[in-house]
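This report refers to the structure that appears directly beneath it.
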Amino acid sequence: MTQTDNRIKETFLAGEKQVPRLRFAPSPTGFLHIGAFRTALFSWLYARHTGGQFILRIEDTDTARTVEGAVDDFINGLAWLGMDIDEGPVVGGLYGPYYQVQRKALYQQYASQLIASGHAYRCYCTPERLEAMRKAQEAQKLPPRYDRHCRYLTDEEHAANEAAGLPWTVRLAMPLDGETVVHDELHGDMVFKNSDLDDMVILKSNGLAPYHLAHLVDDHLMGITHVLRGEEWIPSAPRHVQLHKALGWEAPLYYHLPNVLGKDKKKLSKRRNAPSWSDYQKHGFLPEAVFNFLALLGWSYDDKTELFNREELIRVFTLDRIGVSSGIYDPDKLLWMNGVYIRQLSLDELVRRTLPYMERPEAEGGLPDNIQRPLNIEYTTRVLRLEHERLKTLGEAAHVVLFFFEEEISYDTALLIEKGMDASRAREALVHTRDLLANIQDWNHAIIEPLMRELVANLGLKKAGQLFGAVRTAVSGRTATPPLFEMMEVLGRDITMKRIEQAIVRLS
């Protein structure tokens, strides 16, 4: 028994086995889409709900496919979403190391133990032989599986292979008959015929273990009590059950989570342009909104409540409320939810969090580069107060408020002419507006509005919109804006008058 084994045993004997320990164990073979962080979130929420621990472990034994920067992306994504780590890379912990490549000797130790007990064997089959075997099976329309050739080698054949220095892997010797029952906390008991399961590789020729042995050894040695993972691992679960039995270990509680599907009912995946957490950050989604949204992908508190803050989710989150039906990733719902969270921000907080998006380079979605940075905080605050109720993401702010900051606005002159008006009448109405506004001493929306409404009556217009629509386009270049008169107040007298004058010239 290793020192780590003893530490786990002492911890359990001390009564700490009842404290849930859950892990997120991504592979750095790519950058995770947001659906993968959903699984991490469920584990984190349950750990926080129960006072347990949340562990980050990097399953990096597939060294050939490791992507540089992927681990930093995992860590930064968890931090952005507000999921703190109790143990793992950077923070450390009692059960490290937390990179699997650094735990190579452990996997070799337990693979040797399995060979000695007759539950595993060395396989000397070359890639060429395995490929020929697969092609023969395909030709006979048989399911692809290892033919157990090396399971039945004689002692003399083993000795000859070793003497020849042939490379080898280690395979699990699955039972040849009977059934394996996998108990899942969501799906109940699932029964598999052992005759349908081949002998999988549990140690590669480079001495590193693939997922099947590595995660099982690590979960045991790290005292993991609950394993939440995608339902795509269900077909492998009976082999994991047999590995636990062979090693004499009690399995953790398994929860095979339903997949996250797109609106087209197909599984969300990076290959199908599923967004990452950094995509959301780039576009100005609030992490608290994404956090709330992810929690509802396959979990629900009741049939009506959708908005939860972090503390509320920690308080009410239980694993028994996870459904067995796939969660549907609906970007429109996330956009709506993000708008709700933005409206809940104080004005000061909105300005603080929006400024970096407005001040970033134009090529990255910020205001035009010719607009001076840093922005005037007082003026920007007045602008964002008007747009607060309309924003759905922080990233769209630069576009939405652009006309407040640019020197010259552009628009189609035809937009100045409202229904029931022609160019001549629209120009006349704007001339009267210019003359009226020129005489207002106190530039305040509460003073401007009643005078403008009186002008509508004096001009004999059927609808106020025939005038207000023209003024709105003239001063903003847009047909949809915040309240017109408050907008004019924030723009100021000089800019408002200048733009109305320019509109009059356009209509001449």
Side-chain angles (χ1 to χ4, degrees), residues 347 350-351 354-355 358-359 362 366-391 396-418 421 423-456 458-459 461 464-508:
L347 181 57
L350 175 70
V351 173
T354 307
L355 270 175
M358 296 173 62
E359 292 182 339
E362 182 178 3
L367 290 169
D369 295 333
N370 62 358
I371 295 175
Q372 186 176 355
R373 274 84 159 165
L375 300 176
N376 181 284
I377 296 295
E378 180 182 359
Y379 180 67
T380 304
T381 299
R382 295 176 67 201
V383 169
L384 289 177
R385 183 186 67 80
L386 296 182
E387 298 285 1
H388 198 164
E389 293 294 315
R390 302 172 65 236
L391 284 177
E396 70 179 358
H399 169 72
V400 170
V401 305
L402 177 59
F403 66 89
F404 283 102
F405 292 88
E406 58 187 348
E407 285 292 327
E408 301 293 334
I409 58 175
S410 60
Y411 56 91
D412 184 350
T413 301
L415 295 176
L416 293 166
I417 306 171
E418 294 291 322
M421 303 284 279
S424 176
R425 292 197 68 193
R427 179 181 181 282
E428 178 187 2
L430 289 177
V431 168
H432 283 284
T433 299
R434 177 198 62 192
D435 296 343
L436 171 67
L437 295 176
N439 293 317
I440 296 177
Q441 299 301 314
D442 187 0
W443 193 258
N444 182 287
H445 74 275
I447 294 174
I448 296 171
E449 181 172 359
L451 294 175
M452 287 287 290
R453 292 193 180 278
E454 183 179 342
L455 177 59
V456 170
N458 292 340
L459 292 175
L461 299 176
Q466 291 175 308
L467 173 61
F468 296 169
V471 175
R472 186 186 308 278
T473 299
V475 300
S476 70
R478 303 180 183 183
T479 57
T481 67
L484 173 61
F485 306 109
E486 293 181 55
M487 179 178 69
M488 292 167 61
E489 178 183 327
V490 171
L491 281 168
R493 178 197 300 274
D494 292 346
I495 291 178
T496 300
M497 296 297 290
K498 173 186 173 183
R499 291 181 177 178
I500 290 176
E501 189 65 54
Q502 290 172 336
I504 291 170
V505 172
R506 278 174 174 255
L507 290 168
S508 297

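These numbers were taken from a predicted model, which means no experiment stands behind them. The figures that follow rest on heavy atoms only: side chains count, while hydrogens, waters and symmetry mates do not.
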Quiz item: Are Arg506 and Glu501 ion-paired here, with the side-chain N under 4.0 Å from a carboxylate O?
Solution: no
Self-check item: Side-chain heavy atoms of Ile409 within contact of Arg478, under 4.5 Å
Solution: no
Quiz item: Between Asp412 and Leu415, is there a donor-acceptor pair closer than 3.5 Å when you use the side chain of the first and the backbone of the second?
Solution: no
Practice problem: Using the test salt bridge (charged side-chain N to carboxylate O under 4.0 Å, His left out), find all partners of Glu359 that sit at least two apart in sequence or belong to another chain. | Solution: none
Quiz item: Just wondering, do Asn370 and Glu362 contact through their side chains at under 4.5 Å, heavy atoms?
Solution: no
Self-check item: cation_pi(Arg499, Phe403) dist<6.0 Å, angle<=45
Solution: no
Exercise. Taking all heavy atoms of Leu375 and all of Leu355, pick out the closest pair and write down the distance.
Key: CD1-CD2, 3.9 Å
Exercise. Could you give me the CA-CA distance, side-chain angles and deciding distance for Thr380 and Ile377, then say whether side chain to side chain contact (heavy atoms under 4.5 Å, CB included) is met?
Key: CA-CA 5 Å; Thr380 304; Ile377 296 295; 5.7 Å; no
Quiz item: Side chain of Trp443, backbone of Ile448: donor and acceptor closer than 3.5 Å?
Solution: no
Practice problem: First locate atom CG of Leu507, then atom CG of Leu430, and finally report the distance between them rounded to the nearest 0.5 Å. | Solution: 6.5 Å
Self-check item: Pairwise side-chain contact, Met487 with Leu491, heavy-atom cut-off 4.5 Å (strictly under)
Solution: yes
Practice problem: Taking the side chain as every heavy atom from C-beta outward, state whether Phe404 and Arg382 have any atom pair closer than 4.5 Å. | Solution: no
Quiz item: How many angstroms lie between atom CD of Glu454 and atom CG of Leu459, to the nearest 0.5 angstrom?
Solution: 10.5 Å
Quiz item: CE of Met452 to CG of Leu436: how many Å apart, nearest 0.5 Å?
Solution: 7.0 Å
Quiz item: Can Lys498 and Asp494 be said to form a side chain to side chain contact (heavy atoms under 4.5 Å, CB included), step by step?
Solution: CA-CA 6 Å; Lys498 173 186 173 183; Asp494 292 346; over 6 Å; no
Quiz item: For His445 and Glu489, which heavy atoms make the closest approach, and how far apart are they?
Solution: ND1-OE1, 2.6 Å
Quiz prompt | Qualifying ring-ring contact (aromatic ring centres under 6.0 Å, His included) pairs with a residue from residues 468-495, counting only residues at least two apart or across chains | solution = Phe468-Phe485
Quiz item: Picking from Glu486, Arg390, Arg472, what satisfies side-chain hydrogen bond (donor to acceptor under 3.5 Å, both in side chains) with Thr481?
Solution: Arg472
Self-check item: Non-hydrogen atoms of Ala397 and Leu391 that approach each other most closely
Solution: CA-CD2, 3.9 Å
Self-check item: All salt bridge (charged side-chain N to carboxylate O under 4.0 Å, His left out) counterparts of Arg453, not counting sequence neighbours
Solution: Glu449
Practice problem: Heavy atoms only: give me the nearest Pro368-Leu402 pair and the separation to one decimal. | Solution: CD-CD1, 3.4 Å
Quiz prompt | Side chains of Arg427 and Ser508, donor plus acceptor under 3.5 Å | solution = yes
Practice problem: Give the minimum heavy-atom separation between Pro482 and Glu387, together with the two atoms involved. | Solution: CG-OE2, 3.2 Å
Quiz item: Do the side chains of Arg373 and Leu367 get nearer than 4.5 Å, heavy atoms only?
Solution: yes
Exercise. Specify the closest pair of heavy atoms between Thr354 and Leu350, including all atoms of both residues, with the distance to one decimal.
Key: OG1-O, 2.6 Å
Exercise. Mind checking the CD-CD1 spacing from Glu406 to Ile495? Nearest 0.5 Å is all I need.
Key: 10.5 Å
Quiz item: Between Glu428 and Arg425, is there a side-chain N and carboxylate O pair less than 4.0 Å apart?
Solution: no
Quiz item: Heavy-atom count around His432 NE2 within 6.0 Å, excluding the residue itself: above 12?
Solution: yes
Quiz prompt | Atom pair OG1/CD of Thr473 and Glu418 - distance to nearest 0.5 Å | solution = 6.0 Å
Exercise. Please round to the nearest 0.5 Å and tell me the distance separating atom OG1 of Thr433 and atom CG of Leu455.
Key: 5.0 Å
